[in-house]
Each structure stands twice: as C-alpha cells, then as structure tokens.
Amino acid sequence: YALFGTLLIWGVARWESERGLRPRPMLEWLGGASYSIYLVHFSVLSLSAKIVARYSLGAMLPAEAVFLIMITLAIAGGSLFYVGVERPILRYFSRGVGER
C-alpha cells in the first residue's frame, strides 16, 4: 500500500504542477489549518461524545447524523484554534527580531 500511495500522490502532484492547477481556496485554507485541526480534534470529539451521551442524542438522532455533527465540530474547533492561536503565533515569530 505504501508504494501505491506514494506513486498516487507523486502522480497527482506532477499532474497538478504540469497543468498549473490551483486548489480551491477553502481547501487551501483547510490545509493551512490542518495541524491545528489535528491538535484539537481529539479533545473536541471527546467533549462532543460526552455531550451526546449526557443528553441521549444518540437515541434521538441517527448515528450518521451524530457522526457528521461531531466531525463538523472537530473541524470547526480546530479551525478556531488556527485563527485564534496558531496564526497569531506564526505571525509573531515570522517578524524580524528588531520588530518585536
């Protein structure tokens, strides 16, 4: 699988660069926020699961709906962390030493 995955990513990247394709702005933004989403998603999912259990939402909604809501909350939480924490920190450290 690793070889196939490597070849697939390499092929798509090469195809993209040869054709001059640009990703959609939302996908680019999510790519920038991906590390923050990774850092925060488990905490948000854990909190979401506790809320679902506490209020018996699993009994009221289909499992697929609960899953989509939890995934959306995890992405939203990571995105908020990106905007409120990661980007300001990156801006601060990207300035020159004399500019701080």
Side-chain angles (χ1 to χ4, degrees):
Y1 293 112
L3 178 61
F4 174 75
T6 302
L7 292 174
L8 179 68
I9 291 171
W10 177 78
V12 169
R14 185 171 172 136
W15 179 69
E16 180 182 40
S17 68
E18 287 177 358
R19 294 198 174 20
L21 300 176
R22 298 282 305 148
R24 305 263 185 218
M26 186 175 100
L27 293 178
E28 262 188 301
W29 193 89
L30 280 173
S34 64
Y35 187 64
S36 289
I37 294 168
Y38 166 72
L39 289 177
V40 172
H41 83 279
F42 185 78
S43 298
V44 175
L45 289 176
S46 178
L47 178 63
S48 300
K50 289 176 183 173
I51 291 170
V52 166
R54 170 76 170 95
Y55 295 103
S56 302
L57 297 176
M60 290 188 265
L61 298 170
E64 294 83 0
V66 173
F67 175 78
L68 288 175
I69 291 168
M70 290 175 66
I71 294 300
T72 302
L73 289 173
I75 293 170
S79 297
L80 288 172
F81 187 83
Y82 174 64
V83 169
V85 178
E86 183 181 351
R87 279 189 6 196
I89 289 173
L90 290 173
R91 273 195 302 267
Y92 176 79
F93 284 110
S94 68
R95 292 185 200 138
V97 174
E99 297 176 30
R100 289 190 197 141

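FYI, the numbering just counts along the sequence from 1. Note that this is a predicted model, so its numbers are computed, not measured.
With rounding to the nearest 0.5 angstrom, the CG atom of L45 is 8.5 Å from the CG atom of L73. The CD atom of E86 sits 11.0 Å away from atom CZ of R91, with the distance rounded to the nearest 0.5 Å. Taking OH from Y35 and CZ from F81, the interatomic distance works out to 9.0 Å, rounded to the nearest 0.5 Å. Interatomic distance, R54 CZ to L47 CG, rounded to the nearest 0.5 Å: 13.0 Å. Atom CD1 of I75 and atom OG of S34 lie 11.5 Å apart (nearest 0.5 Å). Atom OG1 of T72 is separated from atom CZ of F67 by 9.5 Å, given to the nearest 0.5 angstrom.
Counting all heavy atoms, side chain and backbone alike, G78 lies closest to S36 at O-CB, 3.4 Å. Annotation for M70 and S48: closest pair CG-CB, 3.8 Å, computed over non-hydrogen atoms.
Using a 4.5 Å cut-off between side-chain heavy atoms of Ile, Leu, Val, Met, Phe, Trp and Tyr, with links allowed through other members, L90 and Y92 fall into different hydrophobic clusters. When hydrophobic clusters are built by joining Ile, Leu, Val, Met, Phe, Trp and Tyr residues whose side-chain heavy atoms come closer than 4.5 Å, directly or via intermediates, L30 is not grouped with I9. By the rule that hydrophobic residues join a cluster once side-chain heavy atoms approach within less than 4.5 Å of another member, V44 and Y55 end up as members of one cluster. Linking Ile, Leu, Val, Met, Phe, Trp and Tyr residues whenever their side-chain heavy atoms come within less than 4.5 Å leaves W15 and L27 in two separate clusters.
For the pair L61 and I69, the minimum side-chain heavy-atom distance is below 4.5 Å. By the 4.5 Å heavy-atom criterion applied to side chains, M60 and L57 are counted as neighbours. Contact annotation: the side chain of V40 never approaches that of L80 to less than 4.5 Å [non-hydrogen atoms, C-beta and beyond].
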